[in-house]
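Quick notes on the structure that follows.
One-based numbering along the sequence shown.
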Amino acid sequence: MLKSELPEHLIRHATLRQLQVFEAIVRLGSFTRAAEELHLTQPTVSIQIKKLSTALGLPLFEHVGRRAEPTEVGLLLYDTCREMLGALTNLEMKLAELHGLQRGRLQLAVITTAQYFAPSLLGQFARRYPEIELALEVSNFDRVLDRLANNLDDLYIIGHVPERLRDVAIYPFAPNPLVVMASRDHPLVRRRQIPLQELEKETFLMREPGSGIREATLRLFEAHGISPRVRMELGSNEAIKQAVIGGLGVAVLSLHTLSAEGAEGPVALLDVQHFPIHRQWHIVHPKKKVLSVVARAFLDFAIQDEARLRAQIDGMLAAFKAQTD
């Protein structure tokens, strides 16, 4: 390539950090979520985008409600960003391999609900790095937090991040929608847009106190002045699913818990207003922890794998919705 052919204007006026910020905003649909993922302040994100837009001489976003939608120019830039950042990521992985990633060990601890996708995620990682030894610890939320406090593992996957967690690095990486489940013969199964208040007539099956799913559900009900009737408290998602199938009540669980059965299984979703409750999965570790090459590679891999997990969840929601239509 001749020197005159180099894209000198963009090289001089745009930075890789600006392109990374831009890609995150488009992928996540929000300046706020991009700032959280990249551990930047929202004003910093806005400044970076303003500088990038100035360098290109055209607007990159238009705001539709609360969502930032890319303009035509933004969509063109996004495709280029994905190619560039993907190439750089591949380079980093190859460099990491030269520094010893071909062998090593990864110790991962996850909460019980994450067991429905964590093995698949590890399987994808193992196919890329077959020589790495993997260990997976599945436990309830409190025990995983204890393991985190004692730095027993390389990385941790949790849903809700409590405010009391301090000095912890947090990486949102995949959707975790909470949905209302019922038995197939429940009278509300075929109804559309069920008012939230109608759930007050139902008996609920819930996780034990302290569960993130339970807390998110009760916060929503409390915000709408609803007091659910709790018939049973159970300590596992599988126990709740079996109780739902048996007609003992309805439940709110992560959609991931239905990943094996899918829309053809014995559990139906109720089309209730204000659901799904949109939550995120998070990978966390102590801020002062120096990640091993293997742990850093898995963290990057999991964040990149978000598109696959998101597509899987969107497909499940569409399949359940089709049964109601």
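In this structure, His256 contributes its side chain and Pro175 its backbone to a donor-acceptor pair below 3.5 Å. Judged purely by atom type and a 3.5 angstrom limit, Asp154 has no side-chain atom pairing as donor or acceptor with the backbone of Leu108. Side-chain atoms of Glu37 never come within 3.5 Å of backbone atoms of Ala34 as a donor-acceptor pair (strictly under, hydrogens ignored). With Asn150 contributing its side chain and Leu152 its backbone, the two residues share no donor-acceptor pair below 3.5 Å. Put simply, the side chain of Arg310 never gets that close to the backbone of Ala174: no donor and acceptor are under 3.5 Å apart. Under the 3.5 Å distance criterion, the side-chain polar atoms of Arg231 are left unmatched by any main-chain donor or acceptor of Thr203. A distance-only check finds no donor-acceptor pair linking the side chain of His282 to the backbone of Pro172 [under 3.5 Å]. Between the side chain of Arg214 and the backbone N or O of Arg207 there is at least one donor-acceptor pair closer than 3.5 Å. A donor-acceptor distance shorter than 3.5 angstrom exists from the side chain of Thr71 to the backbone of Pro59, with no hydrogens or angles considered. Judged purely by atom type and a 3.5 angstrom limit, Thr80 uses its side chain to pair as donor or acceptor with the backbone of Leu76.
Remark: of the listed residues Tyr171, Tyr129, Phe125, Phe125 is the sole one forming a ring-ring contact (aromatic ring centres under 6.0 Å, His included) with Phe298. Among Leu269, Ile194, Leu270, the one residue that satisfies the side chain to side chain contact (heavy atoms under 4.5 Å, CB included) test with Val189 is Leu270.
By the 6.0 Å contact criterion, CD on Gln124 is enclosed, its count of non-hydrogen atoms from other residues, nucleotides or ligands being greater than 12. Within a 6.0 Å sphere centred on NZ of Lys51, heavy atoms belonging to other residues, nucleotides or ligands number 12 at most. Within a 6.0 Å radius of CZ in Arg308, more than 12 heavy atoms belonging to other residues, nucleotides or ligands are found. For Leu16, the CG atom is loosely surrounded, since the number of other residues' heavy atoms within 6.0 Å does not exceed 12.
With respect to the salt-bridge test (charged N to carboxylate O, under 4.0 angstrom), the residues Asp271 and Arg192 qualify. Salt bridge status for Glu23 with Arg82: present, with a side-chain N to carboxylate O gap under 4.0 Å. Under 4.0 Å is where a charged nitrogen must lie from a carboxylate oxygen, and between Glu238 and Lys241 at least one such pair does.
By the criterion of side-chain heavy atoms lying less than 4.5 angstrom apart, applied directly or through intervening Ile, Leu, Val, Met, Phe, Trp or Tyr residues, Ile47 is not grouped with Leu60; the two fall into different hydrophobic clusters.
Summarising the geometry, atom CD1 belonging to Ile313 is positioned 9.0 Å from atom CG belonging to Leu258; distances are rounded to the nearest 0.5 Å. Residue Ser211 holds its OG atom at 5.0 Å from CD1 of Ile213, rounded to the nearest 0.5 Å.
Put simply, the side chain of Leu145 reaches to within 4.5 Å of the side chain of Arg164, judged on heavy atoms. When side chains are defined from C-beta on, Glu202 counts as touching Leu188, because their heavy atoms get closer than 4.5 Å. Annotation: side chain of Gln312 is in contact with side chain of Leu309 (closest heavy-atom distance under 4.5 Å).
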Original post:
Can Leu38 and Val45 be said to form a side chain to side chain contact (heavy atoms under 4.5 Å, CB included), step by step?
Top reply: CA-CA 9 Å; Leu38 298 175; Val45 167; 5.6 Å; no
**OP:** Determine, stepwise, if the pair Leu299 / Arg296 fulfils side chain to side chain contact (heavy atoms under 4.5 Å, CB included).
**Re:** CA-CA 5 Å; Leu299 176 60; Arg296 171 57 62 180; 3.4 Å; yes
**OP:** Step by step, work out the side chain to side chain contact (heavy atoms under 4.5 Å, CB included) result for Leu52 and Leu77.
**Re:** CA-CA 11 Å; Leu52 182 59; Leu77 180 60; 3.8 Å; yes
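Under the 30°/60° scheme for interplanar angles, the aromatic rings of Tyr78 and Phe22 are found to stand perpendicular. By the 30° and 60° cut-offs, the orientation of the rings of Phe61 relative to Phe31 is perpendicular. Between Phe204 and Phe221, the two ring planes are perpendicular [angle over 60°; tilted spans 30° to 60°]. Between Phe173 and Phe117, the two ring planes are tilted [angle within 30° to 60°].
With 3.5 Å as the limit, one finds a donor-acceptor pair spanning the side chains of Thr32 and Gln42.
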